[in-house]
Structures are given as structure tokens and as C-alpha cells.
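Only heavy atoms go into these numbers, but all of them, side chains included; no hydrogens, no water, no symmetry mates. Below, chains carry the letters A, B, ... as their sequence lines are ordered, and counting in each starts from 1.
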Amino acid sequence: MSDFPDDMPFFDEPGAMPPRPASTPAPSGIAARAMAARQAPAAPDYLTGLNPEQRLAVETTEGPVLVLAGAGTGKTRVLTTRIAHILSQGRAYPSQILAVTFTNKAAREMKQRIGHLVGEAVEGMPWLGTFHSIGVKMLRRNAELAGLRSDFTILDTDDVIRLIKQLIQAEGLDDKRWPARQFAMMIDGWKNKGLGPAEIPEGDARAFANGKGRELYKAYQDRLQTLNACDFGDLLCHPIRIFRAYPDVLKEYHKRFKYILVDEYQDTNTAQYMWLRLLAQETGAPGQKNVCCVGDDDQSIYGWRGAEVDNILRFDKDFPGAVVIRLERNYRSTAHILGAASHLIAHNEGRFGKTLFTDRNDPEDGKVNVHAAWDSEEEARAVGETIEQLQRQKHNLNDMAILVRASFQMREFEDRFVTLGVNYRVVGGPRFYERQEIRDAMAYFRVVAQGADDLAFERIVNIPKRGLGEAAIRQVHDTARALGVPMLEAARNLAESDELKPKPRAALREVAANFERWQKALDNTPHNELAETILEESGYTDMWKNDRSAEAPGRLENLKELIRSMEEYESLRSFLEHVALVMDADKNEDLDAVNIMTLHSAKGLEFETVFLPGWEEGLFPHQRALDEGGRSGLEEERRLAYVGLTRAKKNLHLWFVSNRRIHGLWQSTIPSRFLDELPEAHVEVADAGNSYGGYGGGRQNPYGASRFDSVGEKSFSNTYATPGWQRAQANRTEATDRNWGSRSGHSVERIGYGETDSGFGAGRGSVKGRTIDGELIAKSVASEPSRFSVGDRVFHQKFGNGNISAIDGNKLTIDFDKAGQKKVLDGFVNAV
DNA sequence: TTTAAGCCCATTTTT
DNA sequence: TGGGCTTAAA
């Protein structure tokens, strides 16, 4: 409630004036640029050190501006300096600037860096934050226009799923057949597009719950309203609806915001776009549109969660007369790394087209290294060796990162580092506020703060166990519905009646009495003390103290940490809001450790040395991205590769393996097409040593020969001078057809493609054809009976000779002479 | 209420 | 293959 702006004057009092180092009055528009151009003697120091493009992006304050900022070109610097510039020129008060980011981390960083430039004035920037945090702020001011009270609760995904499950059951639908999780995702998708129940496409509405999708969505929204709650999507959708229905509300914001800045514009979804467009119709004065969007279309990697690259691509159409500024001078990476990344990304269509360059020219800089390994174990071992080697040369582990496409790849590296005794940290992963004990504790607090929070109530009413079974909870639920009151109140009523058996009645009475007492204490007890009391008196801490499992002590520790962190907030409410919006917890930076994370979570980061393992078809690009996204899916994968490459400052190592175990089955893999899209001049194929990394042995790469087919084979040198290098794109399909055309001949070895029903992406039972560049290149033949029988002697590329001991469809269990019993797909073995 | 056995699933993730 | 989750049984 602390930052609830209603107690503040809408426009700022002069006391909030920013420092104004420039004593000259601020000229506007062209005049400003003209003055800058003639090198005004009093150029403030924050401008020094900017390159011309950056400076232009900072100083073009009036009118719409799109800054296309390539990786490592100083994007954040431009954004923060621009704000500092606006402030110190006296063009706006801090509270008249709307600055939006996607993540809390980005917002925090921005705030910090502006602080360095302008000092205290940052504190007066209440409208710097994530889309969602700003959305909440707006919604709280006008909650009643969305049918909510201003103290509404924000539900997390967990709550949402439980709520939807209840609704599905209430409709008399089978919650197995219609999973709540799936419907939650559908709702999320609709809200990403800004669609309410009435606006969703008929097809979507029919696709769920026997055609009841729309009704269910409606029921969900109604339920949220009675609960006085919002989901994440609503934090933007409600404001959009309010802006449209109440122009005077929007008008106020138009008057208020003189400058709008948006970070990572390529990641905006349709709802965010609509929200922004409404606000950006006017900034400060009639006809004025001071919107500055910063982004990089080449780093758009969140299409799968609703981001529309199109938003950035059509910026100049949305805002006619927009100035487009390209930042292409890279300050991060070596020329080789940039060359490799640029060449790769050039394979994408539908992009603005930027070419990163650098002045850096150090002959010491090595090329990008491509390595082959036999399997993922060897891959991890080799990466580990390189890391130890670097460590011996006094490199910090903190400066190294392993970026994987999918998190299952992490395990092998972790295992390896454990045996080597190398420190590592996994970035991302399950977060503090998502832990069970934290959520439970938060549920207690939520009920205390907002008695109508039924979802929170239901979560903890029987935790710790109080003998309140399903039946009793159902009764509370039904009573609450019947009386139209929150469950807490219904519980109180029931405890006084004799509708329940003595045991649950007593339990309910105690719970109700507890909450009543805590709620009373809320106003006159420091909230962190109260929180501790709640957890003690409810028996929640005891529950974990009595728990003998290995995690219990850690959970108690987390609860302590939770209480400790509450001190920083002035009220229970503001703490709850913080947790709802800021789900991240900080990692231990003190420890020197190798960073392991997914490519997605690496966006925005940089490391001296980067390892990119798993560059194989099916994994990267991921088969599922190709199947579901066609050509645009492939392009997004390529952008992901680009993001990966551009994280590296000096050293970059790419890896691919010939064999990988997927879902317990060994699959033979072929090098990623992205490897072939790297330019020869900047890449070095590292010696594979003893390992046989080639895609040889008579198999054929269905995408046509690749220059990586024979890495490690002695008949070829380790260079690019392999025959496959000149492979034309057209040959790819041709070669593929040839390959598949001959598949019925037993002499031709088959690779695992198409026939697998457990391979990448293919669904069980219903095997899809494989799609590359959006075209179907091969149909599955899963129905084909296995050409082997039990007892057959076969040869496997990885495991050698063995006898088949069992056959399950196309899955063979084979007793190998050397490797022991393994399960493999029949496509990977040959009759001997 | 707790434990064991079957069952389904298997990119990426922020708020 | 292996983890998370639901169901069935004690």
C-alpha cells in the first residue's frame, strides 16, 4: 500500500525537481539536435563515451524512435542515458517517464544504472518497472472499473490451476480428459492476445470441454471477480479494457507520461502491444508521441509464449515518421565470434538486417571451435577438461558458461563437475517463492491480509493435518457458495452449527479463531513478528520440525529466510505484492563457479568463455519447434543459436555428439544444420582426438552431406575442405528424397528418423512425419513390423555386436557382447 | 492417512 | 529411462 499513488498529487510538486546541471533552458526537437551537432560546449559528461549512433538514440527525445540494438551494442546504456538526459535537461520529472521492462532483473538494473547517472532522482521514478508491476499499479488505482476492490489478490499459476480444476469439476466434466493445466495455458494464450471470453475465436472455444471453452472462461473470470483476484494476464487486460471504456482515465495517463520507453520490444505480446499503443497515443501534449522502443528482432526467442516479432518489425508503420536507429557496433565479442553469429543469423528471412562489427582486431583471438564427441558423456568430459585447463591458466569459473538447449542436458555436466570437484551453479530452475513451504506460508499470510482469499484458505486449511478431509472441505466450500461468503466465514458458521462431526468441527473452530486473532493483530504487530507467530501457532513450523525427511531442515531454513526478508517491507501487504510479482531470488555471486543454464535464460548475459553443447538435429534445432512452428519455428531456433553465440566475449566452443540418449533410448544423431551455416573463415573444427565423431559408417545424413559428417575420421582433414561444404540448400531435399526412396532396401541402413515413436517430438502412437522448413519430408513407417526377430545377431554403431533378447514394436532389447543389455530402436542396428 | 504401484510424459519461462 | 502424479490398497 505504501506506493499507492492516490495519496500523492497527480502531478509532481517542484520539490521533486531533478538536478539540472545544464543551466540553459531545454530546447526541443530539431533545435536540440542542431545544438548537439555544433558541439555545445556544455555537453554533459554522461554523453561522453557514447558512439554517434548511441548518442543520436539518446538525444532524439521527441517523437517515436526505434532503436535496433544488436547484441552487445550498449542497449542498456542507451536506455539509461536517455532517461538521464531527459531528466537533466528538465524535459520531464521522474514521475512523468514510463519505462517498461520484461523482468524484474532488468528493471532493477536499469534503476541502478540511472541512479549512477542522476543520483536520487531515480527514487522519484514510480513508473519504471515491468509490464506487470506497472499494470498492477494502474489497476489498483481504478480497480472498481474492473469490478475489483483495490486490495485484490494476484494469483500465481498454481492457484489458477487449482481454481480451474474446481470449475471443471463443477461443470460435471472429467478433469482427466480436460486437464486444468491445459485450460490455464489456453486462457493465458487468450489473455496474451488481449481476448476476453466474448472475443475468443469460435474454434478455440469449441476445442475444450466439449465445446464449453467459452463458458468455462467466462465462469473463470466470474470466479476471479468474486474472489477479488486477478491472474497475471489480467494485470494488463483489465487496464486495456479500462482505457477503452473510460477515455478520461486514459487521458490522465496521456497527460502524465511525457516519455515512454520500452525495453526488449521484440518480446512484447499482443496485449502488451495494445496496452502500449493506447498509452502512446499521446505523451504530454496533443499530437506528441514520445515513444522509444529498444529491441533486437534477431533475439526474439519467446514466440512460443505469445511474443510477436511483428510488433517490432512494423514499428515504423505503427508510428509514422519514426526514427529508426541501428546500433551495430559491438563492444563484447571478438571478430570471429561476431562473424560466425552474423553469418548464421543471415539465414533468417523477415528481419531488419543488421550487421554487427567491431574495431577489435587482436591476432590472438581464436576462431570459434567446433568439436565432435562420440556421446554426451564424452562431451561433458571434454568440456570439463577444457574448463580445468582454463582454470589452471587462472581463468575464473564465473567467466565461463555452458548454455544448453534443454535442461535435461544439464545433468551430465553436473555429474561430471561433481566428480571433478569443479564448482558450478545452475541458473534458473526452481525458484525460492515456488517452493512448497514458501507457498504454504504465503497462503497463511494471504488469508490474514485478505480474508476472502479462498484459494489460499483451501491450500492450508488442512496443513498441517487437522483431520479435515475432503468431505469437510467440500462442505465449507458449498456453504460458502450458498451463502455467498468467503470460505473462512463459512468455516466459522459451520463450526457453530452441528452439521459436521465433532472432530472437524473443533478443527474448523480453531482455524477460524486463529485467523480472527491474527487478523486483529495485523494492525498493531510488526508484520514479520506476526508472520512468525502465525507459523508457530498454526503448527506449521512444528510440522516440519517433526518431519524426518532429508529436506525438512532446509525447508525450515527457507521459512526463516522468508521471515527475514519481510523486514525490508513496510507492511504485510506490500510484501505480498512483492512476492506475487517478483518471483526471482538472487544467486550466490561470491562463489567462483561455472554457470550452467538454458539458452533462454542466458539472454542478456555475457561470458568470457561459452560452451554450447548439443548442436544436433532434433535437439537444436529442436524437433518440436520444427514440427509445431514450421519455418518460423526454425527461424526462432536460429535466433536462439544466435543468442547463444553472441553471449561469448572471447572463447566459444560448440559441440555435437553422434549418439545421445533420449528418454532412455540411444539415438544416433547428426550435426545441427546450424553448424553448416557458420562461415568457414571464422570457425575451426577441433581435432576430435580418439573419438569417432563422424556420421560415417555408411549412414547418410538425410539433409545431404555435411562438412561435419566426417569430423574425426582420418580420411578427412580437420578443415572445411570437405566435399560437403559446398552443399547447396537445394541438394538437401534431393538427398533426402534419395535416402528415403531407398529405405525399403534392407541393405541401406536407416537412421532413426521418422520411424521412431519415442524420438524427439513425435507423439506416442501417432507418429508425425518430419517437418523441415515447414515441408513434410518423410512419412512415418512405424506400423511396419520389425525386420528383426528375437535371437538375431545384430551390430550397433555404439555398442558393437549383440543378440536381440526382446522386441517391443520397433524397440529392441539387445544383449551386447561388451556393453551389456541396452534398449535401442531397430533403425540403429544391422543384421550381421 | 500413509504407502506402493501404475501411468503418463518428456523444450524453452516471465510475470 | 526416470520423475511427478494419481489411484488403489492396507
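By the salt bridge (charged side-chain N to carboxylate O under 4.0 Å, His left out) test, K111(A) is found to be paired with no residue, residues two or more places apart in sequence or in another chain being considered. Partners of R351(A) according to the salt bridge (charged side-chain N to carboxylate O under 4.0 Å, His left out) rule, which considers only residues two or more places apart in sequence or in another chain, are D298(A). Qualifying salt bridge (charged side-chain N to carboxylate O under 4.0 Å, His left out) partners for E264(A), counting only residues two or more places apart in sequence or in other chains: K75(A), K603(A). Remark: M410(A) pairs with V404(A), S407(A), E414(A), V426(A), I596(A), T598(A) by the side chain to side chain contact (heavy atoms under 4.5 Å, CB included) rule, at least two apart or across chains. Remark: R277(A) engages D318(A) in a salt bridge (charged side-chain N to carboxylate O under 4.0 Å, His left out) (not counting sequence neighbours).
Minimum atom distance to the side chain of H622(A) is reached by dT11(B), of the listed dT11(B), dG3(C), dT13(B). The side chain of R624(A) has dT11(B) as its nearest neighbour among dT11(B), dT2(B), dT15(B). Of all nucleotides listed (dT15(B), dT2(B), dT12(B)), dT12(B) comes nearest to the side chain of A406(A).
Within the structure, a side-chain polar atom (N or O) of N104(A) is placed less than 4.0 Å from OP1 or OP2 of dT15(B).
A stacking contact links W304(A) to dT12(B): the aromatic ring centre lies within less than 5.5 Å of the base's six-membered ring centre, and the planes differ by less than 30°.
Counted within 6.0 Å of CD on E510(A), heavy atoms from surrounding residues, nucleotides or ligands total 12 or fewer; the atom is thus considered open.
In this structure, NZ of K105(A) is placed 10 Å from P of dT15(B), rounded to the nearest angstrom. One interatomic measurement links the two molecules: NE2 of H600(A) to P of dT14(B), which rounds to 10 Å at whole-angstrom precision. When rounded to the nearest whole Å, the span between CD1 of I463(A) and C1' of dT2(B) equals 15 Å. dC9(B) atom P lies 10 Å from atom CD of Q182(A), rounded to whole Å.
Residue-to-nucleotide contacts include no donor-acceptor pair under 3.5 Å from the side chain of R661(A) to the base of dT1(C).
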Protein and nucleotides 7-10 of chain C: nitrogen or oxygen contacts under 3.5 angstrom:
residue: dT7(C); atom: OP1; partner: K176(A); partner atom: NZ; Å: 2.1

